[in-house]
Amino acid sequence: MTSAAIPLHSPRMNGRTWGELILLGAIWGGAFFFGRIAVAEFHPLDLVFFRVLLAALALHVFLAATGNPLRLNRRMAINLVILSVLNNVIPFSLIFTGQTVLGAGLASIINATTPFWTAIAAQLLTADEKLTVNKLVGIGLGIGGAAVIVGPSVAGHLDGPAWPKFAILGATVSYALAALFARRLRGMAPAHLAAGQLTSSAAIMLVIVLLTSSSAIHWTSFFDWTGGRPAAAIHLTAISMRAWAAVAALAFVSTAFAYILYFRIIAAAGATNASLVTLIVPASALVLGIAFLGEQPDILELAGLGLIAAGLVTIDGRLVSRR
């Protein structure tokens, strides 16, 4: 999910588009839910690899079926590699690492601060997306919400360790930089952009998991054969169907299908209206976490969510301008 510049006017949202927006929020909230299930059995880096690989394959099948396969020149390929690092490799790795400790709801709340860091980065790195009063107030509310959530941990482990929360925050900063870098690829078809960056991410993650001590696909496992199969394959077959189902949902639903749905909403209603999904994602993840994972958000998490939601409404500006 990325944050875009907010124009003064945007197309109206009809009933169908509102339904698609709510569906997208539920799907992206589900990503934190499925991630929490999968990291119980997958190493975080392995999980990133399978998520981007399967999603990339699904998008290439979609493009081939629609007669619009991906074709890249050298410049586009280089930009996609950079974008894949900022928009997939770094944030997915940090989020899944953080989710080895954090629940789905809390991770999604912290992730909702992405638009605030995007606005700050735009102020520092661009000439045409400067801060307004609404954005300044919204950023203040959002950072205040993040401080309420992370602060007790920093103050003395009063609310669990601080590092997983900072890992999610690091992912949001990476998403913000990705949103700005993606401006270089404005002329590229959205489906091609998604397929290209996910394909690059899969190639990068394959190298990473083979060269690190990732538990399931460590490169030495392919030379350790037992019963006629490499140890890596044996390890992967020991993972439960529940965890594999979570990986499939992450890849096919929360990544491949979500990208297509997101770009459809942008085409129909504009980037400003599409950005409203940021308000829906934490609610979806919280409901799923409470209903199926037994998570119970505390008062500080809910207070932080309230401040972040207020900041998102303020930085969007439309409700304030109407009043």
Undergrad: Say you draw a straight line from CG of Leu21 to CZ of Arg264; how long is it, rounded to the nearest 0.5 Å?
TA: 13.0 Å

Undergrad: Could you walk me through whether Arg51 and Ser201 satisfy the side-chain contact (heavy atoms from CB on, under 4.5 Å) test, starting with their C-alpha distance in whole Å, then the side-chain angles of each, then the deciding distance to 0.1 Å, before giving a yes or no?
TA: CA-CA 10 Å; Arg51 177 180 184 178; Ser201 298; over 6 Å; no

Undergrad: First locate atom CG of Leu312, then atom CD1 of Ile139, and finally report the distance between them rounded to the nearest 0.5 Å.
TA: 11.0 Å

Undergrad: Donor-acceptor check, side chain of Ser254 to backbone of Ile27, threshold 3.5 angstrom: yes or no?
TA: yes

Undergrad: Are any side-chain N or O atoms of Ser108 and backbone N or O atoms of Gly105, one a donor and one an acceptor, separated by less than 3.5 Å?
TA: yes

Undergrad: For Gln123 and Leu131, indicate whether the former's side chain and the latter's backbone hold a donor-acceptor pair under 3.5 Å.
TA: yes

Undergrad: Are the side chains of Leu286 and Pro297 in touch, meaning some heavy atoms are under 4.5 Å apart?
TA: yes

Undergrad: Return the minimal non-hydrogen interatomic distance between Ile308 and Gly142, and the atom names on each side.
TA: CG1-O, 3.9 Å

Undergrad: Using the side-chain contact (heavy atoms from CB on, under 4.5 Å) rule, pick out the option among Ile110, Leu305, Leu169 that qualifies with Ile149.
TA: Ile110

Undergrad: If you look at every heavy atom in Pro282 and Ile109, which pair is closest and at what distance?
TA: CB-CG1, 4.2 Å

Undergrad: Looking at every heavy atom in both Ile168 and Ala107, which two are closest together, and how far apart are they?
TA: CG2-O, 3.6 Å

Undergrad: List the atom of Gln296, the atom of Ile290, and the distance in Å for their closest heavy-atom pair.
TA: NE2-CG2, 4.3 Å

Undergrad: What's the verdict on side-chain contact (heavy atoms from CB on, under 4.5 Å) for Leu24 and Glu20, showing C-alpha distance, side-chain angles and the deciding distance?
TA: CA-CA 6 Å; Leu24 180 62; Glu20 291 176 344; over 6 Å; no

Undergrad: Following the transitive rule for hydrophobic clusters with a side-chain heavy-atom cut-off under 4.5 Å over Ile, Leu, Val, Met, Phe, Trp and Tyr, establish whether Phe32 and Leu302 coincide in one cluster.
TA: no

Undergrad: Run the salt bridge (Lys or Arg N to Asp or Glu O under 4.0 Å) test against Glu295 and tell me which residues pass, sequence neighbours left out.
TA: none

Undergrad: Compare all side-chain heavy atoms of Tyr262 with those of Phe257 and state whether any distance is below 4.5 angstrom.
TA: no

Undergrad: Between Thr114 and Thr172, do the side chains contain a donor N or O and an acceptor N or O under 3.5 Å apart?
TA: no

Undergrad: Show me, pair by pair, the donor-acceptor contacts under 3.5 angstrom made by side chains of residues 54-71, not counting sequence neighbours?
TA:
unit_1, atom_1, unit_2, atom_2, d
His60, NE2, Thr199, OG1, 2.7
Thr66, OG1, Phe62, O, 3.0
Thr66, OG1, Leu63, O, 3.0
Asn68, ND2, His192, NE2, 3.4

Undergrad: Would you tell me whether Asn14 and Thr17 have side-chain atoms, one donor and one acceptor, within less than 3.5 Å of each other?
TA: yes

Undergrad: Run the ring-ring contact (aromatic ring centres under 6.0 Å, His included) test on Trp117 and Tyr175 for me, step by step, so that the C-alpha distance in whole Å, both residues' side-chain angles and the decisive distance to 0.1 Å come before the verdict.
TA: CA-CA 9 Å; Trp117 310 119; Tyr175 279 139; over 10 Å; no

Undergrad: Taking C-beta and beyond as the side chain, do Asn87 and Ser174 meet within less than 4.5 Å on heavy atoms?
TA: no

Undergrad: Kindly give the heavy-atom pair with the smallest separation between Thr113 and Ala146, and that separation in Å.
TA: CG2-CB, 4.2 Å

Undergrad: With under 30° as parallel and over 60° as perpendicular, where do the rings of Phe92 and Phe96 fit, or are they tilted in between?
TA: tilted

Undergrad: Say you draw a straight line from CD of Gln197 to CG of Leu80; how long is it, rounded to the nearest 0.5 Å?
TA: 7.5 Å

Undergrad: Are Val287 and Leu279 connected into the same hydrophobic cluster when the rule is that any two of I, L, V, M, F, W, Y join if their side-chain heavy atoms are below 4.5 Å apart?
TA: no

Undergrad: Walk me through it: do Val81 and Ile204 pass the test side-chain contact (heavy atoms from CB on, under 4.5 Å)?
TA: CA-CA 9 Å; Val81 169; Ile204 293 170; 4.2 Å; yes

Undergrad: Taking the side chain from Thr314 and the backbone from Asn134, do they hold a donor-acceptor pair closer than 3.5 Å?
TA: no

Undergrad: Hey, are the side chains of Thr100 and Pro44 touching, using non-hydrogen atoms and a 4.5 Å cut-off?
TA: yes

Undergrad: Given the rule in the side-chain contact (heavy atoms from CB on, under 4.5 Å) test, do Leu47 and Val39 qualify, once you have shown the distances and angles that lead to the verdict?
TA: CA-CA 7 Å; Leu47 183 54; Val39 294; 3.5 Å; yes

Undergrad: Treat each ILVMFWY residue as a node, draw an edge where side-chain heavy atoms are under 4.5 Å apart, and state whether Ile208 and Leu206 are in one component.
TA: yes

Undergrad: Measuring from Leu141:CG to Leu307:CG, what's the distance to the nearest 0.5 Å?
TA: 6.5 Å

Undergrad: Without swapping roles, check the side chain of Thr126 against the backbone of Ala122 for a donor-acceptor pair under 3.5 Å.
TA: yes

Undergrad: Quick check on the hydrophobic clustering: are Phe34 and Met241 connected, directly or via other members, by side-chain heavy-atom contacts under 4.5 Å?
TA: no

Undergrad: For Gly30 and Leu288, which heavy atoms make the closest approach, and how far apart are they?
TA: CA-CD1, 3.7 Å

Undergrad: With side chains defined as the heavy atoms from C-beta onward, is the minimum distance between Lys165 and Leu106 less than 4.5 Å?
TA: yes

Undergrad: So how far is it from Leu83 CG to Leu193 CG, rounded to the nearest 0.5 Å?
TA: 6.0 Å

Undergrad: First locate atom OG of Ser284, then atom CZ of Phe33, and finally report the distance between them rounded to the nearest 0.5 Å.
TA: 9.5 Å

